[in-house]
Structures are given as structure tokens and as C-alpha cells.
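Before any comments, here is the structure.
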Amino acid sequence: MEMQKTYNPKDFEDRLYREWMERGYFHAEVDPAKVPFTIVIPPPNITGQLHLGHALDNTIIDALIRFKRMQGYSALYLPGCDHASIATEVKIVEEMKKEGLTKKDVGREGFLERAWQWKEKYGGRIVEQMKKMGVSCDWSRLAFTMDENCSRAVREVFVNLYRKGLIYRGDRIINWCPGCKTALSDAEVEYSEDASYFWHLQYPVKGSDEFIVVATTRPETMLGDTAVAVNPNDARYRDMVGKTLILPLVGREIPIIADEYVDQEFGSGAVKITPAHDPNDFEVGLRHNLPVIRVMNDDGTMNENAGAYVGLDRYVARERVVEDLKACGALVKIEPHTHNVGHCYRCKSTVEPIVSKQWFVRMEPLAKPAIDAVARNKIKFTPERFSKIYYNWMEGIKDWCISRQLWWGHRIPVWYCRDCGEMIVSKTDPTDCPRCHGRNLQQDEDVLDTWFSSALWPFSTLGYPDKTDDFNYFYPTDVLSCGYDIIFFWVARMIFSGIEHTKKVPFRDVLLHGIVRDEQGRKMSKSLGNGIDPLEVVEEYGADSLRFSLITGVAPGNDSRYSRGKVEASRNFMNKIWNASRFVLMNAEGVRIPPLAEIKLTAPDKWIISKLESCIKEVTLNMGKFELGIAAGALYDFLWSDFCDWYIELCKSSLYGEDADRKAATLSVLCFVLENALKLLHPFVPFITEEIYRNIPGVQGSIMVADFPRYNAKLSYKKEAKAFEGVMDIIKAVRNMKTAVNCPPAKKVKVYLSTANRRLISANANAIAKLAGASAVDFVESSAEIAEKTMSQVTEGSTVFVPLGELVDLAKEKERLAKELERIVGEIGRAESKLNNRGFTDKAPKNLVEAEREKLEKFLEMKKKVENQIREL
RNA sequence: GGGGGCAUAGCUCAGUUGGUUAGAGCGCUCGCUUCACAUGCGAGAGGUCGUAGGUUCGAGUCCCACUGUCCCUACCA
């Protein structure tokens with residue numbers, strides 16, 4: 001193969017992806033001979049565009065899937081999209097607005113038609129974008145939260161929960177978004193500290209000139225006040241409890257009541273009670289049988305209960321109410337105040353707590369087993385700390401408001417008989433009323449929270465409620481990987497749903513990653529305009545570079561920063577892989593390469609194979625622990641430092657030499673190491689590894705379905721590798737000395753060695769000659785045998801002398817050696833104090849003590865030698 | 001109010017159950033057109049691991065407090 005001088009991913013990424021698809025490598029079969037390994041995708045929104053968060057999700061999951069597939073598992077990466085009820089509906093409404101249309105104009109049917117068209121138009125976009133990342137999803141199983149099976153699962157689950165009494169309908173305070181005109185769950189509200197005011201109001205006591213002062217942050221809600229509450233133990237108000245107040249502006253008579261909820265220390269100690277517009281007040285209202293007067297419409301304007309303020313927007317009404325209160329003397333003072341205000345997570349409107357009839361999931365019975373599953377290690381969070389966050393949320397969880405006043409989504413499977421009022425909850429559409437047999441049925445207008453269907457994702461995508469082969473084989477899934485920002489929205493809900501409906505935990509491991517931020521550490525957002533389009537990065541640097549840069553140097557659960565520099569560093573690594581491979585393949589051309597087992601390995605051969613084996617071990621171990629960053633780092637070091645900087649350089653003399661057998665043997669090792677390194681790298685950088693792999697002599701088929709390397713203790717050559725590092729140390733020492741005196745690298749120098757290991761070193765003298773720029777390597781007992789003036793450096797096993805007479809500045813050389821001596825003496829001190837410590841020698845593991853002793857000896861010997869050098873200068 | 005993260009080289013970050021002389025990338029200095037790669041090669045400089053205690057033979061790593069910083073969560077009107 002003709003390889004380009006530089007790595008150019010555009011030449012092959014799309015082509016290889018197409019080939020993989022055509023050959024069906026992504027497809028996971030139900031195969032009893034294999035162990036299944038399943039990951040379901042965190043489904044991106046159908047209307048969404050790929051962003052770096054998706055890119056990270058997909059890179060992590062795909063790396064795990066490819067790793068397991070190569071290990072022989074039937075690995076299923078199940079892709080799909082989420083209908084994203086609110087997000088999509090908002091977009092369609094916006095689009096209609098451009099045409100001058102509203103939801104009302106087109107009606108429910110017309111709207112849904114548009115929505116499905118939208119889905120057809122944009123639903124495929126994100127899928128195509130994901131393919132650019134190289135993900136090995138089984139596209140034949142592409143799922144959608146509103147496809148037939150997922151919808152069936154939703155009804156099954158809804159009805160079952162309803163029958164168990166775990167779903168109920170009722171009037172509760174919910175979070176109302178006046179922008180989206182729908183109820184929201186607690187999780188869908190984002191709080192921020194907003195600057196506002198405290199309005200202190202006084203309400204007169206009926207039939208007296210007494211009054212009571214209350215404070216509020218939402219003065220317009222006073223129109224719906226039905227009481228004022230004080231603490232029963234509050235001496236200040238004891239006599240007032242039971243008296244009646246006249247609500248200013250409205251004239252309504254409201255009681256003063258006593259309730260424990262009121263904090264005496266806060267404000268005036270008296271609280272206006274608005275049961276329709278505040279969750280606490282609602283509870284107080286229930287306890288005291290207070291009327292619930294809602295004063296606001298769904299769109300955030302005031303309703304007919306607001307009297308003169310009817311029709312006004314809530315904020316206009318607020319101003320008017322304040323003005324009017326001031327005019328009638330009821331406004332005591334206005335105080336600046338910042339407090340937590342809830343905002344809709346989609347449209348950012350300020351959320352109104354409002355009483356409303358909605359459907360709820362009773363959470364307490366579901367939360368318990370879900371907490372247990374984690375506590376009893378049936379599900380493991382990585383990193384561990386997130387289980388605490390999970391408990392925290394689950395233990396304090398409140399009922400889940402699941403109905404949404406939207407059209408795009410799963411319509412609630414409940415029908416009302418217009419004739420007799422019967423409510424029918426059914427998995428299938430009923431035709432008539434089971435009580436009065438009338439046919440005048442009306443389905444509930446609302447749809448379900450998007451997350452209600454996402455919660456079923458790990459099993460609704462595999463066939464649930466049917467016990468399909470897929471379901472039996474691939475469920476429970478193995479790993480769930482997503483960002484920590486959706487633990488509550490998604491992970492927690494899948495856990496309790498999975499346990500409740502399938503009686504099994506939906507996955508064994510939860511692997512959480514952080515947020516990808518911009519270069520300055522800010523969250524990427526539309527409003528800041530600091531988002532990075534992964535597709536542009538892929539276009540410029542290739543998918544492999546982006547994948548590698550997203551994973552490398554990142555620990556699970558930690559946020560990371562995207563930077564062009566990081567991608568460039570990864571791209572450079574790809575280029576390095578490319579060129580190392582190019583080097584091997586170019587040299588291999590036309591050579592008959594013997595299998596590794598048939599050749600006699602040299603010291604450098606054994607060294608690189610040994611390094612490869614420890615790399616295999618480290619990668620496998622860390623993949624198992626989800627430490628992808630560490631695994632990727634180990635590969636980077638192995639390939640760049642060990643393989644390229646050392647081994648390839650060491651090979652050159654035999655490759656360019658006369659000995660054909662030696663050359664073939666060297667190529668055998670080069671190919672063996674390259675092949676294995678590519679396999680190890682493949683889960684991270686699938687394209688480049690595949691492109692090269694197929695061209696290695698003797699290799700057949702796709703790397704995607706090759707066996708992942710297994711650690712082989714027989715090839716670990718620990719002793720030989722260590723010994724060879726002594727030769728490498730000599731090379732480093734020579735280079736070091738040459739640089740210290742500004743000797744040009746091209747200038748050859750003589751090298752004298754005093755060493756106990758002459759055999760190994762003379763066998764590798766050519767390496768020293770080539771890599772250190774030595775004209776000759778001679779052995780001596782001591783520097784006395786060398787006629788010229790030399791520089792010297794002590795390594796672990798040798799003393800290296802280089803005659804650089806004319807270049808050497810004696811004073812500088814002395815300084816250099818003195819510094820070296822200082823370092824060694826420091827080490828000796830450290831080792832001695834350790835070994836003189838009975839605690840250490842008695843309690844530390846034997847091998848550590850032994851290692852410390854060896855170290856001490858080594859340093860003592862080095863010290864002697866260095867002192868010698870200084871004396872002889 | 002409750003919970004959590006982070007604090008290690010100029011910058012961005014790794015550092016796996018406590019145990020070699022604390023690492024990488026980028027940046028910096030010096031030197032290299034060495035026939036795979038200048039998206040490169042070689043040699044360096046640079047860190048008392050936020051502060052103060054504690055546990056331990058041994059702490060960047062575990063515990064406590066403090067400081068700074070970011071985030072999540074919560075009904076104080």
C-alpha cells in the first residue's frame with residue numbers, strides 16, 4: 001500500500017464506516033455461545049444537533065463496546081432518539097409562528113402531523129452525525145421513544161402503576177411554566193438567585209384599628225390570600241388568632257390562623273396564606289380547610305378572581321397591585337431581597353407554583369427498592385461518590401408530576417365517559433364505557449412527561465412488555481453511561497422503573513462523565529455562542545483525533561475542557577501512529593516475514609515485547625475499571641516513547657543492514673508489536689487502526705472483529721527487559737554529556753565503558769553507536785586506561801566516559817558532577833533513614849524493603865564512582 | 001439550610017487499593033533539514049502536591065479543621 005506522508009483521515013473514515021455497515025459488524029446477535037454485553041444510548045433529542053456532550057457519550061460507550069466485542073462478547077450498542085416532548089413542541093410552535101399560525105389554528109391533529117413531519121425531516125440528522133464519530137451502533141435496532149413498541153411499553157407501565165395505586169390524579173401545587181403552558185416536574189425547574197424585593201403589607205383587623213404585617217415576594221398573589229398564619233407559640237399574636245382580617249384591595253374577610261409551619265424568627269412572624277399559589281400555603285390550607293382561590297391563568301395573566309386586575313400579565317398586575325396598596329396605605333415598606341426563583345429548564349420563564357389537576361406517580365414505594373439496589377451493590381456508580389448524590393435525591397423525593405399540557409408525546413391512556421363520568425384507564429383504546437356502555441368517550445388531553453418514556457428505555461427498546469429473545473438475552477443491560485447532569489432526570493428513574501416493571505435492575509454499572517466545557521472552563525451554551533460543533537472538528541482533524549482528545553487525560557465524573565490544542569495533540573498522535581506504521585509497512589514490502597515463534601529474539605526485541613505485554617495488562621485492567629483516560633494514556637506512552645522513540649530507532653541498523661534473516665526477524669517483531677498495539681488502540685481510534693491493520697503482512701479481516709490482545713506472561717521477559725534498559729541508560733548518558741558541552745549531535749564520539757555487563761552491551765554496541773552517535777565503544781576498567789581527557793556519567797550498571805576534551809569546560813563539568821553527587825547523596829539519605837526505621841523494615845511488605853535495600857546499594861556504588869570522577873578531574 | 005467537587009509545573013490536567021527519585025500535553029530554553037513523522041528528533045529548566053493539624057513505619061493519596069472556588073439540592077414567606 002502506498003501510504004501518504006501525513007495522516008489524512010478524510011481518505012478513509014467515511015469509506016471504512018460504510019464498509020463496516022455493509023459487512024454487518026455492528027449487528028449484535030442473540031448468540032447463546034457468547035456472553036451478551038449491552039449498552040443503550042442516552043437517546044439524543046430528535047430535534048437536536050450533535051454537540052460535544054453527545055460526542056463524549058458516544059466515544060466512551062463505543063470504546064467499551066468495541067473492547068467487549070473484540071473480547072468475544074455479543075456486544076450491543078443500542079441506538080435511538082427521544083421525542084423530547086417540550087423541546088420539540090417549542091420548536092414546532094416557533095416554526096408555525098413564522099407562518100403566522102398557532103397551535104389552536106392547526107388543531108391537535110394538524111399539529112401532530114406537523115410534528116411527525118418534523119421528526120421525519122430532522123430525526124435522521126443526528127443519526128447521520130453520530131456515524132461521523134465512528135460509533136458501532138446496531139442501527140438495525142434504532143429505536144424511538146414514540147415508536148410502536150416504546151409506546152406500548154408506556155401504556156403497559158402506566159396502567160400497571162395505576163392499578164397498583166402508584167399513579168393518581170389530583171389537585172396539587174405544581175410548577176407551571178407560563179411560557180410552555182404546561183406543568184413541569186420538580187426536576188425540570190432550575191433555580192437561580194434573582195434580585196427582587198420584599199413587599200411588607202399590612203392587613204387591618206376587622207372591626208378594630210389593629211393590623212397585622214406580612215411580607216411577600218409576589219405581591220400579586222395577595223389577591224388569592226385566604227388567611228394569615230402565625231406560630232401558635234408566638235406570644236405577640238396569641239390574642240389575634242381567630243380574629244378576622246380584611247384583605248386590602250379585595251375586601252375579602254380572611255381568618256388569622258395558627259400553624260407550626262410559621263417561623264417566628266423570620267420577618268414579622270406572620271405569613272399571608274395563598275393556597276393556590278404556594279406549596280406550603282397549600283399544605284396549610286389543607287390543614288385548616290381554607291378555600292383555594294386561584295388568581296392566575298395558564299398563560300401567566302390574571303384571571304377573573306383577580307377582580308380589577310383580570311387580564312393583566314402577572315408582572316403588570318404586580319406593579320398595579322403595589323401601586324394600589326400604596327394608595328390605600330397598606331404598603332408598609334419595600335426592601336431589596338434576592339431569593340431563589342424557579343425557571344423552566346426549556347424556555348427559562350419564571351415558573352409559577354400553581355394549584356392544578358395533574359397526574360402523579362407515587363414515589364415513596366418505588367424509591368425504596370431503588371435505593372436498596374444501589375446500597376446492596378446491585379448497581380454500582382462510577383465514580384462511587386455519585387451514589388451519595390443519588391441517595392440524597394431518592395430519599396427526599398416527592399411525587400412525580402407526569403402530565404404535561406402538550407400535544408407532542410404519549411397521550412395519557414385514560415378516557416372519561418361524557419355520559420356517566422366514568423374514568424377508564426386502559427392499555428388499548430376503549431370503544432365504549434364499561435359502566436354505562438355509552439360510546440361518548442373522551443381521552444385525557446394531556447401527554448406524559450418525556451422522561452416517563454425515557455425511564456423505560458433499557459427495556460422498552462428490547463421488546464418489553466413482551467418477553468422477546470432480545471429482551472431475554474440482552475436485558476438487563478450492562479453499563480449505563482451518561483453525564484452526571486441527568487442522574488435525576490434519567491438514571492434514577494430508569495432504576496426504579498426497571499426494578500418495578502421487570503423485577504431486575506436495568507444495568508449493573510452506571511458510568512458517569514462530566515461536562516465538556518469551553519477553553520475557559522465555561523459551560524457551552526447557545527447564548528454565550530461558545531459551542532463547538534463536533535462535526536467541524538471531525539472535518540478538520542478526523543473523528544479519531546476528536547475521540548482521543550475527549551478521552552485522554554480525563555477521569556470519570558470530572559468536567560473537562562475542550563481545546564483546539566488538545567485535539568491537535570491527539571491529531572499529532574494519530575500522525576505518529578500513521579508514520580510508525582508507514583515505516584514498518586514500507587520496510588516489510590517484499591520481505592517474507594517469519595512468525596514470531598520462529599525467530600531468535602534480541603535484547604531490544606524482548607524489551608519491546610515486554611513493554612507491549614505490560615501495556616496489554618494495563619489497558620485491559622483499566623478498561624475494566626472504566627478508567628479510559630488511563631488506558632489511553634498508557635497506549636500513548638507505549639506507542640510514542642517505547643515503540644517509536646526507542647524500538648523503531650533500534651531496529652534501523654538491522655533493517656538497513658546486510659543480514660536478510662535479521663531484517664526479516666526484526667520485521668516480524670515490528671509487525672507483531674504494531675498489530676497488537678493497533679488492536680489495543682482500536683476501541684479509542686477505530687478508523688486509523690482499521691485502515692492500517694489490514695495492510696500488515698499476514699493479517700486478514702477487520703480489526704473490529706479481531707481478538708483483543710491477551711496478556712501473556714511468557715512474553716513478559718522482565719529480567720531481560722530490565723537489563724536492556726541498562727544499555728538505554730548508556731545511550732541517554734552519552735547524549736546527555738554531548739548536549740551539556742554543546743557537542744553537535746552529528747559529531748561522532750568515542751565511548752568508553754566501565755561495566756560488569758560487557759556481554760549484553762557489546763551485543764548492542766551498534767545501538768549505542770547509532771542512537772548516541774558513538775564512533776566506537778570500548779571497555780575499560782577505569783578512566784586511567786583512557787589517554788584522553790573525558791567526561792563521565794554514572795548509570796545504574798556502568799560508568800560512561802566520553803572524550804570531549806576540547807569541548808569540556810572543567811569548572812562546568814565539576815559543577816555538573818557535584819550536582820549529580822548531591823542528588824545521589826540525597827537518595828542515599830532517604831533510603832538509609834527508611835531502612836534504619838524498624839517500623840518500616842518490620843511492617844512494610846518484604847518486597848518493598850528488599851527493593852529499598854537494592855536501591856541503597858545501587859546509590860552507594862554510584863556515589864563511589866561519581867566521587868572518583870570528581871577526584872580524577 | 002443540606003450535600004458534593006476541585007485546589008499538583010507558567011497553562012490544562014492525570015496520579016488506580018497509602019509504598020520506586022510526583023507524571024503528561026501545551027508553553028518555555030538550548031541544539032538538530034538523523035533516509036517513518038518538523039503534526040518531527042535529542043537535551044533541559046520548572047512543583048516544599050491550597051493552609052494548619054492528625055492517623056501511619058510511610059500521606060499528593062486516608063481523617064479533622066480552615067481558606068478559596070465551582071456545582072447540585074432545599075418550602076423560609
Side-chain angles (χ1 to χ4, degrees), chain A residues 3 5-7 173 191 198 214-218 229 261-263 265-268 270-274 278-283 339-340 353 383 385-386 388-389 391-393 396 484-485 487-488 514-515 519 521 541 549 552-555 557-561 563 565-566 568-587 618 621-622 625 627 629-630 633 636-637 644-645 648-649 652 656 732 735-740 742-746 770-771 773 823-824 826-827 830-831 834 837-845 847-849 851-852 854-855 859:
Chain A
M3 283 180 82
K5 193 174 167 183
T6 51
Y7 157 70
I173 293 275
Y191 289 89
F198 246 148
V214 295
T216 179
T217 54
R218 294 187 296 156
Y261 152 71
V262 180
D263 178 358
E265 309 299 318
F266 191 84
S268 65
V271 186
K272 66 191 259 320
I273 299 296
T274 324
D278 182 277
N280 293 308
D281 293 6
F282 184 79
E283 294 298 320
H339 66 139
N340 247 349
R385 65 171 183 272
F386 285 104
K388 246 185 244 166
I389 291 171
Y391 292 140
N392 226 318
W393 191 72
Y484 62 70
D485 50 334
I487 295 178
F488 304 144
I515 294 165
E519 202 144 4
Y541 296 101
S549 74
T552 197
V554 178
N558 284 9
D559 289 354
S560 58
R561 296 186 190 198
S563 79
K566 246 189 233 171
E568 273 170 9
S570 296
R571 188 270 320 267
N572 293 353
F573 181 49
M574 296 306 112
N575 189 56
K576 194 72 183 172
I577 297 169
W578 183 261
N579 273 291
S581 307
R582 187 162 79 102
F583 174 82
V584 174
L585 299 183
M586 268 170 23
N587 281 290
E618 210 182 335
L621 193 75
N622 282 297
K625 292 195 283 189
E627 290 281 1
I630 294 177
Y636 184 96
D637 289 341
C644 293
D645 291 348
I648 284 186
E649 293 307 322
K652 284 181 177 171
Y656 298 147
K732 285 185 210 166
R735 285 170 172 174
N736 193 301
M737 284 184 278
K738 283 171 84 173
T739 305
N742 284 325
C743 171
K770 175 109 183 154
L771 299 196
R823 188 186 68 89
I824 291 168
E827 290 304 324
R830 196 194 45 75
K834 247 183 168 176
N837 184 341
R838 282 295 293 273
F840 176 72
T841 49
D842 291 354
K843 291 184 187 172
N847 59 322
L848 279 173
V849 178
E852 206 56 44
E854 280 171 24
K855 224 182 299 170
F859 282 120

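Order of the sequence lines fixes the chain letters, A, B, ..., with proteins taken first and strands second; residue numbering starts at 1 for each chain.
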*Base, sugar-phosphate, or nothing: which does G553(A) touch, judged by heavy atoms less than 4.0 Å apart?*
sugar-phosphate
_Under 4.0 Å, heavy atoms only, any strand: does P845(A) hit a base, just the sugar-phosphate, or nothing?_
base
*Between rG42(B), rC37(B), rC75(B), which one does the side chain of R582(A) approach most closely?*
rC37(B)
*Any K738(A) side-chain N or O less than 4.0 Å from OP1/OP2 of rG31(B)*: no
*Which part of the nucleic acid, if any, lies within contact of Y7(A), taking any heavy atom under 4.0 Å across all strands shown: a base, the sugar-phosphate backbone alone, or nothing?*
nothing
_Within the 4.0 Å heavy-atom criterion, would you say N392(A) contacts the bases, only the backbone, or no part of the nucleic acid?_
sugar-phosphate
*Give the nucleotide from the list rA43(B), rC30(B), rG4(B) with an atom nearest to the side chain of N742(A).*
rC30(B)
*Measure from the side chain of I630(A), starting at C-beta and using heavy atoms only, and say which of rU16(B), rG42(B), rC75(B) lies closest.*
rU16(B)
*Side chain of T841(A), backbone of R838(A): donor and acceptor closer than 3.5 Å?*
yes
*Across the strands shown, which category fits E649(A) at heavy-atom distances under 4.0 angstrom: base, sugar-phosphate, nothing?*
base
_Listed nucleotide nearest any side-chain atom of N575(A), set rA14(B), rC37(B), rA36(B)_ = rC37(B)
*Checking all strands, does K770(A) fall into the base, sugar-phosphate, or nothing category for heavy-atom contacts under 4.0 angstrom?*
nothing
*Within the pair K625(A) and rU17(B), is there a side-chain N or O less than 4.0 Å away from OP1 or OP2?*
no
*State whether N340(A) places a side-chain N or O below 4.0 Å from either non-bridging phosphate oxygen (OP1 or OP2) of rU73(B).*
no
*Looking at the side chain of I648(A), which of rG25(B), rA77(B), rA36(B) is the nearest nucleotide?*
rA36(B)
*For Y636(A), answer base if it contacts any base atom (sugar-phosphate contacts may also be present), sugar-phosphate if it contacts only those atoms, and nothing otherwise; contact means non-hydrogen atoms under 4.0 Å.*
sugar-phosphate
_Please pick, from rC32(B), rG15(B), rA36(B), the nucleotide with the shortest atom-to-atom distance to any side-chain atom of A555(A)._
rG15(B)
*Is there a donor-acceptor pair under 3.5 Å between the side chain of D559(A) and the backbone N or O of I515(A)?*
yes
*How far does CG of N579(A) sit from CG of N572(A), to the nearest 0.5 angstrom?*
11.0 Å
*Does K388(A) make a side-chain N or O approach to OP1 or OP2 of rG4(B) shorter than 4.0 Å?*
yes
*Please figure out whether V584(A) or D559(A) has its closest RNA chain B nucleotide nearer the 5' end.*
D559(A)
*Does a nitrogen or oxygen in the side chain of R218(A) sit under 4.0 Å from OP1 or OP2 of rA77(B)?*
no
*Checking all strands, does Y391(A) fall into the base, sugar-phosphate, or nothing category for heavy-atom contacts under 4.0 angstrom?*
nothing
_Given rU39(B), rU20(B), rA77(B), the nucleotide with the shortest approach to the side chain of K855(A)_ = rU20(B)
_How many whole angstroms separate atom CZ of F573(A) from atom P of rC26(B)?_
12 Å
*For the side chain of A569(A), counting heavy atoms from C-beta on, which of rC75(B), rG25(B), rG4(B) is nearest?*
rG25(B)
*Given rC37(B), rA77(B), rG42(B), which nucleotide is nearest the side-chain atoms of R735(A)?*
rG42(B)
*Determine: side-chain N/O of N572(A) to OP1/OP2 of rG40(B), distance under 4.0 Å, yes or no.*
yes
*How is C644(A) classified with respect to the nucleic acid when contacts are heavy atoms under 4.0 Å: base, sugar-phosphate, or nothing?*
base
_Minimum-distance nucleotide to D645(A) side chain [options: rG31(B), rG42(B), rG25(B)]_ = rG42(B)
*Who does rU33(B) pair with, Watson-Crick or G-U, both distances under 3.5 Å?*
none
*With nearest nucleotides of RNA chain B determined for R385(A) and S581(A) from heavy-atom distances, which residue corresponds to the more 5′ nucleotide?*
R385(A)
*Identify whether any heavy atom of N622(A) sits under 4.0 Å from a base atom; if not, whether one sits that close to sugar-phosphate; answer base, sugar-phosphate or nothing.*
base
*Counting only side-chain N and O atoms of Y656(A), is one of them less than 4.0 Å from OP1 or OP2 of rA36(B)?*
yes
*Are a donor atom and an acceptor atom from the side chains of N558(A) and Y484(A) found within less than 3.5 Å of each other?*
no
_Using a 3.5 Å distance criterion without hydrogens, assess whether the side chain of R582(A) forms a donor-acceptor pair with backbone atoms of Y7(A)._
no
*Within the pair R571(A) and rU39(B), is there a side-chain N or O less than 4.0 Å away from OP1 or OP2?*
no
*Mind checking whether F573(A) and Y636(A) have parallel, tilted or perpendicular rings, split at 30° and 60°?*
tilted
_Reported OH-to-CD distance for the pair Y541(A) and E568(A), which is rounded to 0.5 angstrom_ = 3.5 Å
